[in-house]
Amino acid sequence: MSPSFLKRYRVEALLGLALLVLWVAAWCWQNPGSALNRSEIERYMAESERIPFPPEERVELRKHLRGWLEADDGLPVYMLNLMRFYPELRRYEGSLAENQLSPQASNRHYEDVVIPMLLKVGGYPVYGGKAQGRNVLVHEPGLDEWNRALVVRYPSRRAFMTLITDPAYRAVAPYKLMSLTVVLTPTSFELAIPELSWMLGALSLIVWLFVAWRCAARRK
């Protein structure tokens, strides 16, 4: 490749290199990695004992968490959160006496603190929304009256455990546990379709840029 060619296309080459570096960085940030090994599982299980969950929930949590970690396939996790706010903050052994916020404000404080920690381990919210009313099909008390739904993507189960065993996370976790009951269901990826209007807009822009480039090249 001649020096004249490099000089002529210097901007394009630098832009291409910058985009490549950006893509590699994003890939490393989102790379799921390998499945958890036995020593990691034991370490995470030991550290999870320090998370200030209500005492009556610890036995079931320990059992289900261990089973999920032992079945790790090393792939990303999409965590479904179904949330129902308490009428007022729930007090339990290990909760924060100084927390005098409303349930909604308490959970909002939790999310404001945790979102940067989530991004640090490669996770991010995929979808979030408020319930529009009661369930359409099922009206059983335990399965109805949800207030909010959230789906969070984690690069791996390791990333999830890294987050919830972080001392900074443990300090803020009671703000969530005091404010609502939550169904936390891990799921694997099968299908995700972006909003069709945005897809059409992006495709139209790509076609326009390609046609404009071709027309400019012909005029030269």
Side-chain angles (χ1 to χ4, degrees), residues 25-36 44 48 51 53 57 60-61 64-86 103-166 168-170 172-202:
W27 184 89
C28 292
W29 179 53
Q30 290 292 289
N31 182 32
S34 59
L36 291 166
Y44 281 131
S48 69
I51 303 173
F53 284 102
E57 298 176 6
E60 287 297 315
L61 169 68
H64 292 294
L65 183 61
R66 177 177 288 278
W68 181 58
L69 296 182
E70 290 178 346
D72 188 14
D73 54 10
L75 297 178
V77 175
Y78 289 76
M79 192 69 75
L80 170 64
N81 296 251
L82 288 177
M83 307 177 213
R84 184 189 297 118
F85 288 106
Y86 297 124
Q104 291 78 6
S106 181
N107 183 65
R108 189 160 52 247
H109 172 72
Y110 162 87
E111 292 184 355
D112 289 343
V113 175
V114 169
I115 286 296
M117 300 168 60
L118 175 66
L119 295 174
K120 184 178 178 180
V121 300
Y124 58 88
V126 175
Y127 163 82
K130 296 180 180 179
Q132 294 180 336
R134 299 189 66 188
N135 293 345
V136 176
L137 295 178
V138 180
H139 302 290
E140 297 178 16
L143 302 178
D144 206 349
E145 304 292 351
W146 300 108
N147 299 118
R148 195 158 173 258
L150 182 68
V151 177
V152 178
R153 183 191 187 277
Y154 294 89
S156 63
R157 302 182 202 201
R158 180 182 290 105
F160 175 81
M161 294 304 299
T162 299
L163 172 67
I164 68 170
T165 57
D166 188 317
Y169 179 89
R170 293 200 301 265
V172 76
Y175 282 93
K176 182 182 186 74
L177 300 173
M178 295 173 69
S179 64
L180 51 79
T181 181
V182 59
V183 172
L184 203 62
T185 303
T187 67
S188 58
F189 177 82
E190 291 184 0
L191 177 67
I193 301 176
E195 188 176 340
L196 294 180
S197 60
W198 285 100
M199 291 178 61
L200 179 60

- [ ] Any chance you could lay out the side-chain contact (heavy atoms from CB on, under 4.5 Å) test for F85 and Q104, step after step, and finish with the verdict?
- [x] CA-CA 7 Å; F85 288 106; Q104 291 78 6; 3.9 Å; yes
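- Side-chain contact between K176 and S106 is absent, with no heavy atoms from C-beta onward closer than 4.5 Å.
- When side chains are defined from C-beta on, V172 counts as touching V114, because their heavy atoms get closer than 4.5 Å.
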Show me the donor-acceptor pairs within less than 3.5 Å that the side chains of residues 125-139 make with the rest of the protein, sequence neighbours left out.
residue: R134; atom: NE; partner: D144; partner atom: OD2; Å: 3.1
residue: R134; atom: NE; partner: E145; partner atom: OE2; Å: 3.1
residue: R134; atom: NH2; partner: D144; partner atom: OD2; Å: 3.1
residue: N135; atom: ND2; partner: V138; partner atom: O; Å: 3.3
residue: N135; atom: ND2; partner: L143; partner atom: O; Å: 2.4
residue: H139; atom: ND1; partner: N135; partner atom: O; Å: 3.3
residue: H139; atom: ND1; partner: D144; partner atom: OD2; Å: 3.3

- [ ] Take R158 and D72, measure what side-chain contact (heavy atoms from CB on, under 4.5 Å) needs, and give me the verdict at the end.
- [x] CA-CA 9 Å; R158 180 182 290 105; D72 188 14; 5.5 Å; no
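- L119 CG to Y124 OH: the interatomic distance, rounded to the nearest 0.5 Å, is 10.5 Å.
- Looking at heavy atoms from C-beta onward, V77 lies in side-chain contact with W68 at the 4.5 angstrom threshold.
- With contacts defined as side-chain heavy-atom distances shorter than 4.5 Å, the pair M161/L69 qualifies.
- E70 has no carboxylate O lying under 4.0 Å from a charged side-chain N of R157, or vice versa, which leaves the two without a salt bridge.
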- [ ] Start with the C-alpha distance between L36 and Y44, add both sets of side-chain angles, then the distance that settles side-chain contact (heavy atoms from CB on, under 4.5 Å), and finish with yes or no.
- [x] CA-CA 10 Å; L36 291 166; Y44 281 131; 3.7 Å; yes
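- To the nearest 0.5 Å, atom CD1 of residue I51 and atom CG of residue D166 are 10.5 Å apart.
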Open item on the list: For M79 and N81: C-alpha separation, side-chain torsions, deciding distance, then whether side-chain contact (heavy atoms from CB on, under 4.5 Å) applies.
Closed with: CA-CA 6 Å; M79 192 69 75; N81 296 251; 4.1 Å; yes
Sequence neighbours excluded and cut-off under 3.5 Å, please list the side-chain donor-acceptor pairs for residues 183-199, or say none.
residue: T187; atom: OG1; partner: Y78; partner atom: O; Å: 2.7
residue: E195; atom: OE2; partner: S197; partner atom: OG; Å: 3.1

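- In this structure the side chain of Y110 never reaches within 4.5 angstrom of the side chain of L177, judged on heavy atoms.
- Two residues are said to be in side-chain contact when any heavy atoms from C-beta on lie closer than 4.5 Å; N147 and M83 fail this criterion.
- Taking the side chain as every heavy atom from C-beta outward, Y169 and V113 never approach each other to under 4.5 Å.
- No side-chain heavy atom of F160 sits under 4.5 Å from any side-chain heavy atom of V121.
- The OG atom of S179 sits 8.5 Å away from the CD atom of E111 when rounded to the nearest 0.5 Å.
- S156 approaches G74 most closely through the heavy-atom pair CB-O, 4.5 Å.
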